[in-house]
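In the text below, chain A, chain B and the rest are named by the order of the sequence lines, each starting its count at 1. These figures come from a predicted structure and were not determined experimentally. The figures that follow rest on heavy atoms only: side chains count, while hydrogens, waters and symmetry mates do not.
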Amino acid sequence: MLIAVILSAQCTDARVNLTTPALFAAYPTPQAMAAAPLRTLERLIRSCGFFRMKSKNIKAASRALVERFNGRVPRTMEELLQLPGVGRKTANVILATAYDQGAIAVDTHVLRVASRLGLARARTPAKVEQQLSRVVPQAQWGQVAHWLIFHGRQICHARKPECLRCVVVDLCPSAKRFLRVTSGRTKG
DNA sequence: ATCCCGAGGG
DNA sequence: CCCTCTGGAT
C-alpha cells in the first residue's frame, strides 16, 4: 500500500492499479524493491507519471524500511515522514487505511471542498487537517477525506463546481458565488 | 486545456 | 512562498 500511495501522486487510481501487479511480481519484498535497478523500476512505473522521482523514492524508501524499520512500514507519523517520498498526506493515508488510526489525509480535493463548505478556513493542508479534526467526530476521521475527495471529483470541481447537482448546496457558503458565475452574470 | 487521493527543493 | 517533476485520460 505504501508503494501504491507513492505512485498515486498526480495519477489516477485506475492507472496505479494497472501498474502495481507487474511491479510487485518483480519485487515482492522491501528487500527486493531496495535492490531493484532504477532503470527497471522506471520502466515498470513510467505510466504513472513523475517516474524518475517516484522510482528513486520507492527504492530509497524500501531501503529505509529494510535498514531502519526492520522491513516493516512504521505506524507513526514521525517515522513515516522519515521515508523518502512520504509526506504528511501519504503518511495519513497509510495511518488511516492500513493501520486504522483515524488520520485525515488532506489532499487538494479535501483542501478545496472543506474550504468551500466552510469546514475549515486555513489554507495549508496541516492546518486544515487540524481544523477538520475539531469539526468531525473522531469515529469518522478515517473516512471523511474519502467523502470530500469523492465529492470533489464528482461535483465540487476545482474550476467549475456543479452546484446545481450538489446535495449540500443549501449548506454551502460558496454556492451562491459559483451559481452566479455559471449563470454568466458576474465574473470571478 | 485540465485534471489525476504530492513531495521536495530553492 | 514558488517551482519542478511526468504520463495518461477526458
Side-chain angles (χ1 to χ4, degrees), chain A residues 1-23 33 38-65 73-74 76-117 119-120 122-133 136 140-163 165-166 178 181-182:
Chain A
M1 175 179 294
L2 175 68
I3 302 301
V5 178
I6 290 175
L7 285 176
S8 76
Q10 293 298 297
C11 178
T12 60
D13 285 357
R15 174 58 52 187
V16 172
N17 291 335
L18 288 175
T19 302
T20 47
L23 179 63
M33 197 73 82
L38 267 185
R39 301 307 153 201
T40 310
L41 272 183
E42 289 177 359
R43 181 165 46 74
L44 284 168
I45 73 168
R46 182 184 51 84
S47 71
C48 289
F50 294 165
F51 64 91
R52 276 182 278 264
M53 285 189 32
K54 286 176 182 174
S55 293
K56 209 180 302 175
N57 286 150
I58 286 169
K59 186 175 162 82
S62 299
R63 185 174 305 169
L65 288 184
V73 177
T76 67
M77 172 64 70
E78 191 189 343
E79 292 174 306
L80 285 166
L81 289 179
Q82 294 172 26
L83 300 172
V86 176
R88 191 170 183 91
K89 185 264 171 178
T90 299
N92 274 326
V93 171
I94 299 299
L95 291 173
T97 311
Y99 294 135
D100 200 25
Q101 302 231 8
I104 303 178
V106 177
D107 68 359
T108 175
H109 295 292
V110 175
L111 196 68
R112 179 180 72 253
V113 177
S115 164
R116 284 180 180 166
L117 282 173
L119 296 176
R123 290 192 243 328
T124 69
K127 285 184 188 169
V128 167
E129 178 188 333
Q130 186 187 328
Q131 295 182 339
L132 282 177
S133 71
V136 178
Q140 333 220 61
W141 286 0
Q143 315 170 71
V144 64
H146 288 287
W147 300 336
L148 296 177
I149 287 163
F150 190 76
H151 191 242
R153 288 212 290 224
Q154 303 299 311
I155 306 288
C156 198
H157 311 291
R159 300 287 165 137
K160 194 184 170 198
E162 301 185 63
C163 301
R165 292 178 48 209
C166 179
F178 289 119
V181 169
T182 51

Closest nucleotide among C/dG7, B/dA7, B/dT2 to the A/Ser47 side chain: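 Given the options C/dG7, B/dA7, B/dT2, the side chain of A/Ser47 is closest to C/dG7.
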Which one, C/dG7, B/dC3, C/dA9, comes nearest to the side chain of A/Arg46?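 Looking only at side-chain atoms, A/Arg46 lies closest to C/dG7.
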Could you say whether the aromatic ring of A/Phe50 and the base of B/dG6 stack, counting only centre distances under 5.5 Å and plane angles under 30°?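 By the stated criterion, A/Phe50 and B/dG6 stack.
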Side chain to side chain contact (heavy atoms under 4.5 Å, CB included) assessment of A/Leu2 paired with A/Leu65: CA-CA 11 Å; A/Leu2 175 68; A/Leu65 288 184; 4.1 Å; yes
Does a side-chain N or O from A/Arg88 land closer than 4.0 Å to OP1 or OP2 of B/dG6, or not?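 Result: no.
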Any side-chain N or O of A/His109 below 4.0 angstrom from OP1/OP2 of B/dC3?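 It does not, given that no N or O in the side chain of A/His109 lies less than 4.0 Å from OP1 or OP2 of B/dC3.
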Short of 4.0 Å, heavy atom to strand atom, which residues of residues 1-10 of chain A count as contacting DNA chain B?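 The answer is A/Ser8, A/Ala9, A/Gln10.
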Classify [X] by what it touches in the nucleic acid, base, sugar-phosphate, or nothing, heavy-atom distance under 4.0 Å.
{"X": "A/Pro125", "answer": "nothing"}
{"X": "A/Asp13", "answer": "base"}
{"X": "A/His157", "answer": "nothing"}

Please report the distance, rounded to the nearest Å, between [atom1] in [X] and [atom2] in [N].
{"X": "A/Asn17", "N": "C/dA9", "atom1": "CG", "atom2": "C1'", "answer": "15 Å"}
{"X": "A/Phe51", "N": "C/dG8", "atom1": "CZ", "atom2": "C1'", "answer": "13 Å"}
{"X": "A/Arg15", "N": "C/dG8", "atom1": "CZ", "atom2": "P", "answer": "7 Å"}
{"X": "A/Leu81", "N": "B/dA7", "atom1": "CG", "atom2": "C1'", "answer": "11 Å"}
{"X": "A/Leu80", "N": "B/dG8", "atom1": "CG", "atom2": "P", "answer": "12 Å"}
{"X": "A/Arg112", "N": "B/dG6", "atom1": "CZ", "atom2": "C1'", "answer": "15 Å"}
{"X": "A/Ile58", "N": "B/dG8", "atom1": "CD1", "atom2": "P", "answer": "13 Å"}
{"X": "A/Leu83", "N": "B/dG8", "atom1": "CG", "atom2": "P", "answer": "10 Å"}

Between B/dT2 and C/dT6 - C1' atom distance, rounded Å: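 So the two C1' atoms sit 15 Å from each other.
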Judged by each residue's nearest nucleotide on DNA chain B, which is more toward the 5′ side, A/Ala91 or A/Arg159?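 Here A/Arg159 is the residue nearer the 5' end.
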Using heavy-atom distances to pick each residue's nearest nucleotide on DNA chain B, tell me which of A/Thr12 and A/Pro84 is more 5'.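 Taking each residue's closest nucleotide, the earlier one in sequence belongs to A/Thr12.
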Which pair of heavy atoms, one from A/His157 and one from A/Arg112, lies closest together, and at what distance?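 Looking at all heavy atoms of both residues, the shortest contact is C-NE, 3.6 Å.
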Which heavy-atom pair separates A/Val113 from A/Gly152 by the least distance, and what is that distance?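 The answer is CG2-CA, 3.7 Å.
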For a side chain to side chain contact (heavy atoms under 4.5 Å, CB included) check, start with the C-alpha distance between A/Leu132 and A/Val110, then their side-chain angles and the critical distance, and finish with the verdict. CA-CA 10 Å; A/Leu132 282 177; A/Val110 175; 3.7 Å; yes
Which side-chain N or O atoms in residues 3-14 of chain A pair as donor and acceptor under 3.5 Å with protein atoms at least two apart or in another chain?
unit_1, atom_1, unit_2, atom_2, d
A/Ser8, OG, A/Val5, O, 2.8
A/Thr12, OG1, A/Arg15, N, 3.2

Run the side chain to side chain contact (heavy atoms under 4.5 Å, CB included) test on A/Leu41 and A/Met33 for me, step by step, so that the C-alpha distance in whole Å, both residues' side-chain angles and the decisive distance to 0.1 Å come before the verdict. CA-CA 9 Å; A/Leu41 272 183; A/Met33 197 73 82; 4.0 Å; yes
Check step by step if side chain to side chain contact (heavy atoms under 4.5 Å, CB included) holds for A/Thr19 and A/Val16. CA-CA 5 Å; A/Thr19 302; A/Val16 172; 5.6 Å; no
Is it the case that the side chain of A/Lys54 and the backbone of A/Cys48 share a donor-acceptor pair, with hydrogens and angles ignored and the cut-off at 3.5 Å?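 Here the side-chain-to-backbone pair exists.
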